[in-house]
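Letters A, B, ... mirror the listed sequences (proteins, then strands); counts begin at 1. Predicted model only: the values in this text are computed from it and were never measured.
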2 protein chains.
Amino acid sequence: MTSSAEENYLKAIYKLHEKSGNMVTTSALAETLKVSAASVTDFIKKIASKKLVSYEKSKGVKLTDKGRLIAVNIIRKHRLWEVWLVNKLEFKWDEVHEIAEQLEHIISDDLVDHLDKHLGYPTADPHGDLIPDSKGRFAKSNSKPLLECVKGEKVKFIGVADHSNNFLQYLTKNNLSLGDEIMVEAVEEFDNTFTVRVNRKENKIFSKEVVKNLLVAVV
Amino acid sequence: MTSSAEENYLKAIYKLHEKSGNMVTTSALAETLKVSAASVTDFIKKIASKKLVSYEKSKGVKLTDKGRLIAVNIIRKHRLWEVWLVNKLEFKWDEVHEIAEQLEHIISDDLVDHLDKHLGYPTADPHGDLIPDSKGRFAKSNSKPLLECVKGEKVKFIGVADHSNNFLQYLTKNNLSLGDEIMVEAVEEFDNTFTVRVNRKENKIFSKEVVKNLLVAVV
DNA sequence: ATATACATTTAGGCTAACCTAATTATACTT
DNA sequence: AAGTATAATTAGGTTAGCCTAAATGTATAT
Ligand SMILES: [Mn+2]
Ligand SMILES: [Mn+2]
Ligand SMILES: [Mn+2]
Ligand SMILES: [Mn+2]
């Protein structure tokens with residue numbers, strides 16, 4: 001009923017909407033899905049006729065409730081598989097995305113339930129992204145970029161805004177992992193370079209580009 | 001490069017050849033893959049041109065070494081996933097085949113390696129079928145149907161010849177599991193009904209139809 | 001208000017993997 | 001050896017998901 005292609009379109013629409021808040025454009029979808037704009041227009045018409053998206057010609061698309069539920073379910077599966085790959089199979093957090101892109105399309109509600117249980121009902125994936133429940137509901141999150149913190153603030157590193165392998169590997173190289181406690185020791189006014197104390201041990205220095213992408217929660 | 005469809009054709013050819021020892025016919029493939037004979041002929045021509053099978057028109061197909069390696073690799077993945085589903089996710093042995101049919105097509109050598117390690121390098125799947133190594137080699141097996149055993153023989157139950165859910169559920173209902181020790185107490189000459197002692201405890205009675213499909217090894 | 005740039009849609013095509021109906025090849029019976 | 005049943009192939013089509021090139025729409029700058 002729902003093909004992998006369809007699942008990928010719905011997921012992409014969901015994520016692009018999440019990012020911009022607006023209707024999702026043909027060109028944005030073409031870009032993220034690496035297909036031509038013409039293919040996107042074609043496909044959109046198909047899923048619009050299935051009531052998975054609402055489509056305003058030349059303006060863009062928005063998910064319907066039906067479409068969003070499918071999208072969120074794929075995201076749920078993707079994140080559960082990533083947890084499995086990292087926690088059980090000992091993959092690194094920068095090695096799991098591509099494999100999860102395939103695994104997320106496996107169809108079996110039973111499998112998802114068993115996997116969820118096997119993993120101890122995790123609430124976040126290895127990158128700190130929240131895992132929705134089977135009804136498509138997300139927990140409330142109160143994270144913010146470290147960039148928004150001020151000197152003296154003590155926070156916990158709970159997620160990344162940039163999921164690129166480059167960034168993940170940069171953090172690994174600098175020994176920063178999810179769960180680490182971060183104490184803001186100094187903020188350079190001029191360029192927003194942060195000096196932070198990690199886990200009450202060494203001081204580390206991070207550029208604005210980095211702290212912008214570190215998501216933290218007040219402890 | 002290798003689509004799921006192609007993998008399924010190669011796997012089907014491998015299994016049908018294993019069963020009959022002969023070239024695999026168009027109609028046998030159509031039957032197992034649930035597609036029309038015309039589709040099979042089409043597809044065979046394609047994989048023959050890729051040197052994955054050798055094809056004699058109107059006679060049948062045989063795997064080449066290249067084709068066999070792909071087939072065996074899919075079987076390896078299928079069986080590893082089944083082990084995972086049963087040993088780690090607590091599925092029953094009659095619940096895993098369909099899910100493994102999907103999982104076997106996930107493409108990542110790294111994933112297979114990590115999974116194999118996670119499972120402790122298993123040599124057989126939940127139905128007792130041998131798991132080939134990554135080079136496509138199978139261990140030697142010396143199993144035989146319980147039907148071929150004689151009174152007084154003590155053996156171990158190590159596999160099933162019939163993989164149907166009906167048979168697997170029959171065995172579950174009768175508390176017979178892989179690894180059980182079986183002592184042949186009596187064989188009824190007339191209809192080959194077996195009376196066996198399981199794990200030095202209760203006696204059980206199995207029909208010829210059943211013992212034909214129980215694979216055992218001398219202990 | 002018009003020109004220009006850029007985004008989107010339409011038109012027409014392609015390939016993989018299937019199908020049915022018609023034809024041809026092989027095997028079995030008398 | 002011819003006739004009949006069955007298996008396999010060929011011919012001609014379909015659908016999903018993609019493509020390029022051409023046409024149309026929309027936004028921005030003068
Ligand atoms: Mn991911
Ligand atoms: Mn993730
Ligand atoms: Mn199986
Ligand atoms: Mn099996």
Would you mind reading off the distance between [X] atom [atom1] and [N] atom [atom2], rounded to a whole angstrom?
{"X": "B/Lys34", "N": "C/dC19", "atom1": "NZ", "atom2": "P", "value": "12 Å"}
{"X": "A/Asp42", "N": "C/dA11", "atom1": "CG", "atom2": "C1'", "value": "10 Å"}
{"X": "A/Glu31", "N": "C/dT8", "atom1": "CD", "atom2": "P", "value": "12 Å"}
{"X": "A/Phe43", "N": "D/dC19", "atom1": "CZ", "atom2": "C1'", "value": "15 Å"}
{"X": "B/Glu56", "N": "D/dT9", "atom1": "CD", "atom2": "C1'", "value": "16 Å"}
{"X": "B/Leu10", "N": "C/dA17", "atom1": "CG", "atom2": "C1'", "value": "15 Å"}
{"X": "A/Leu29", "N": "D/dC18", "atom1": "CG", "atom2": "P", "value": "12 Å"}
{"X": "B/Leu33", "N": "D/dA8", "atom1": "CG", "atom2": "P", "value": "14 Å"}

Does [X] have a side-chain nitrogen or oxygen under 4.0 Å from the phosphate oxygens OP1 or OP2 of [N]?
{"X": "B/Thr41", "N": "D/dT10", "value": "no"}
{"X": "A/Tyr55", "N": "C/dT8", "value": "no"}
{"X": "A/Ser27", "N": "C/dT8", "value": "yes"}
{"X": "A/Ser39", "N": "D/dC19", "value": "yes"}
{"X": "A/Lys46", "N": "D/dG17", "value": "yes"}
{"X": "A/Ser36", "N": "D/dT20", "value": "no"}
{"X": "B/Lys57", "N": "D/dT10", "value": "yes"}
{"X": "A/Thr25", "N": "C/dA7", "value": "no"}
{"X": "A/Ser58", "N": "D/dG25", "value": "no"}
{"X": "A/Tyr9", "N": "D/dA16", "value": "no"}

- Ion pair check, B/Asp133 and B/Arg76, cut-off under 4.0 Å: no
- Message: Between A/Lys144 and A/Glu153 (salt bridge meaning N to carboxylate O under 4.0 Å), is one present in this structure?
- Response: yes
- Item | Over-ring placement of B/Lys11 relative to B/Tyr14, 6.0 Å and 45° cut-offs | no
- Between A/Phe157 and A/Trp93, how do the two ring planes meet: parallel, tilted or perpendicular, split at 30° and 60°? perpendicular
- Which part of the nucleic acid, if any, lies within contact of B/Ala37, taking any heavy atom under 4.0 Å across all strands shown: a base, the sugar-phosphate backbone alone, or nothing? base
- Message: Mind checking if A/Lys59 touches a base, just sugar-phosphate, or nothing, with heavy atoms under 4.0 Å?
- Response: nothing
- Query: Looking only at side chains, do B/His118 and A/Glu90 share a donor and an acceptor under 3.5 Å apart?
  - Reply: no
- Task: Would you indicate which nucleotide in D/dC18, C/dC18, C/dT9 comes nearest to any side-chain atom of A/Thr26?
- Result: C/dT9
- Message: Of the options C/dT26, D/dC18, C/dA11, whose atoms approach the side-chain atoms of A/Ala38 most closely?
- Response: C/dA11
- Message: Are B/His78 and B/His97, when compared by the centres of their aromatic rings, separated by less than 6.0 Å?
- Response: yes
